[in-house]
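Since the structure comes first, as structure tokens, the remarks are kept for the end.
By convention here, the first residue in the shown sequence is residue 1. Hydrogens, waters and symmetry mates are skipped; everything else that's a heavy atom, side chains included, is used. From a predicted model like this one, the values you see are computed outputs, not experimental measurements.
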Amino acid sequence: MTRSPLIDLAFGYMPAQMLHVAAELGLADALHGEPRSSAELAKETGAHAPSLLRLLRALAVLGVVEQRERDLFALTAEGARLRSDAPDSIRSLIRLFCGPDVWRTWGDMAETLRTGEYAWLRVTGKTPFEFFDTNEELSVTFNRAMAEHTRDVAPALIGAHDFRRHRTVADLGGGDGTLIAAILRAAPGARGILYDLPAGLAAAPKTLRDLADRCDIVPGDFFESVPEGADAYVLKSVLHDWDDEKAATILRTCRAAMRPDARVLVLEQIVPEMVAPDTMGTLMNDLNMLVSTGGRERTEEEFRALLADAGFGVVAITGPAAPSNYHVIEARPAA
């Protein structure tokens, strides 16, 4: 009897937690430099040395570290992405999505499938954003994780749309400014507006320090209003957080602030009508929205209907913007 591939999938939670513990302990930071023993690493990270040795051996099989001797380990190039100061760090992404709160939420998926009610609210008693507001450390991790993800997909998104067409670009819900910074560097004649809740903007001055003369940082709530006068309003990974009613509210708020010739640019993944192996990332994100926020990834038809309901007509849909699986949906106010 051959081994079923479902076995490897079923035990996939184990490598995920191994990576999470490595990120939580700061192992990559401690290993940056010369190879070290489990005892040396345990002293620096506060771990139990014999247990840490067992983890390090498993991380070596995953390619996170390299075993040089029986108890001597070095960081690999891929493992270096778990360093907190690496330019391509994914440490916060792993800490967030493999952390206890998301972990418990996915563990309650069966009840979500029975009821249709998203698990985060049931598990924590609060919406995700209310929960982040009451947990400063988790809020910082969330904002960093979003910045890490945006950093990785920004080049593809900028390649998929010519932002030089726009004199002023407003990034709504743009967090620390990673995306608007990349846009402004690609469109040197443009000005930017970064708009988010105050907590989301906490790290923005640092991100935008070399672009401070070209980008205004404006606190606010896109459910209530957005800045007027921009040529393009960017919504990256915003609408998927919300159900159709709330997503339409965000879009109507944008429409109220827009000139007739302005554009809204929805940067999102699109669920295909017929799935394929390379769409698994989008489908997993859709399930994450199902259990974590009550939102959803949408099909092209669903996006067109949502935009029409909010008073927009779709001008163009570009993508997927390889190597990411994001699309750029350009829409304008309907006449």
Side-chain angles (χ1 to χ4, degrees), residues 15-32 62-64 75-103 105-106 128-129 131-132 135-160 171-186 194 196-197 199-211 234-238 240-241 267-269 281-282 284-285 288-289 292-293 297 320-326:
Q17 278 303 299
M18 289 156 54
L19 293 175
H20 176 252
V21 171
E24 279 291 303
L25 292 177
L27 275 180
D29 288 343
L31 264 175
H32 182 47
L62 293 183
V64 177
L75 195 62
T76 65
E78 188 63 26
R81 297 193 68 181
L82 295 180
R83 284 171 40 205
S84 58
D85 61 347
D88 59 350
S89 176
I90 55 172
R91 181 178 182 236
S92 292
L93 271 169
I94 290 174
R95 291 185 69 207
L96 175 67
F97 286 105
C98 298
D101 302 299
V102 175
W103 196 253
T105 298
W106 271 78
F129 300 106
F131 192 76
F132 294 149
N135 188 319
E136 184 177 354
E137 182 179 358
L138 183 60
S139 178
V140 170
T141 298
F142 172 80
N143 289 329
R144 287 177 178 168
M146 296 303 99
E148 289 172 359
H149 174 64
T150 298
R151 175 206 64 212
D152 286 350
V153 301
L157 292 172
I158 290 170
D171 184 6
L172 309 180
D176 79 331
T178 294
L179 180 59
I180 194 65
I183 290 171
L184 293 178
R185 293 187 182 107
L194 177 62
D196 206 332
L197 295 170
L201 296 172
K206 180 179 179 181
T207 304
L208 295 168
R209 59 183 178 274
D210 62 326
L211 295 164
V234 174
L235 291 165
K236 179 204 161 287
S237 302
V238 168
H240 79 159
D241 284 335
L267 313 183
E268 295 271 8
Q269 300 174 45
T282 298
M284 288 194 296
N285 284 333
N288 191 51
M289 295 301 103
S292 295
T293 71
E297 306 294 350
S324 80
N325 49 5
Y326 275 77

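In the displayed structure, Gln17 atom CD is contacted under 6.0 Å by more than 12 heavy atoms of other residues, nucleotides or ligands. The number of heavy-atom neighbours closer than 6.0 Å to CZ of Arg81, taken from other residues, nucleotides and ligands shown, is above 12.
Residues Thr207 and Asp176 bring a donor and an acceptor atom of their side chains to less than 3.5 Å of each other. Side-chain N/O atoms of Gln269 and Asn325 include a donor and acceptor closer than 3.5 Å.
Heavy atoms only, all atoms of each residue included: Glu297 and Thr282 are closest at CG-O, 3.8 Å. A pairwise comparison of heavy atoms in Asp196 and Leu201 identifies O-CD1, 3.4 Å as the closest pair. For Val64 against Thr76, the heavy-atom pair with the smallest separation is O-OG1, 2.9 Å. Heavy-atom minimum distance, Ala156 versus Ser324: CB-OG, 3.9 Å. When all heavy atoms of Ala147 and Thr178 are compared, the pair lying nearest together is CB-OG1, 3.6 Å. Contact record, Ala199 with Asn143: O-ND2, 3.4 Å, taken as the closest heavy-atom pair.
Within the 4.5 Å cutoff, side-chain heavy atoms of Leu96 are placed close to those of Met146. Residues Thr150 and Lys236 form a side-chain contact, since some pair of their non-hydrogen atoms from C-beta on lies under 4.5 Å apart. Side-chain contact between Val234 and Leu179 is present, with at least one heavy-atom pair separated by less than 4.5 Å.
Atom CG in Leu19 sits 6.5 Å away from atom CG in Leu82 (nearest 0.5 Å). Distance check: Asn135 CG to Phe142 CZ gives 12.5 Å after rounding to the nearest 0.5 Å. Atom CZ of Phe97 sits about 11.0 Å away from atom OG1 of Thr105, to the nearest 0.5 Å. Taking CG from Asp241 and CG from Asn288, the interatomic distance works out to 9.5 Å, rounded to the nearest 0.5 Å. Distance check, rounded to the nearest 0.5 Å: CZ of Arg95 to CG of Leu138 gives 9.0 Å. The structure places CG of Asp88 at 9.5 Å from CD of Glu148, a figure rounded to the nearest 0.5 Å.
Arg83 contributes no side-chain N or O that, together with a main-chain N or O of Ala28, makes up a donor-acceptor pair within less than 3.5 Å. Remark: side-chain polar atoms of Arg151 are paired, donor with acceptor, to backbone N or O of Ser89 under 3.5 angstrom. The backbone N or O of Leu211 sits nowhere less than 3.5 Å from a side-chain atom of Arg185 that would complete a donor-acceptor pair.
Between His149 and Tyr326, the ring planes are tilted. Angles from 30° to 60° get that label.
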Under the criterion side chain to side chain contact (heavy atoms under 4.5 Å, CB included), I'd like the reasoning laid out for Met18 against Leu62: C-alpha separation, chi angles, the key distance, then a yes or no.
CA-CA 9 Å; Met18 289 156 54; Leu62 293 183; 3.3 Å; yes

Could you go through the side chain to side chain contact (heavy atoms under 4.5 Å, CB included) check for Leu267 and Val153 one step at a time?
CA-CA 10 Å; Leu267 313 183; Val153 301; over 6 Å; no

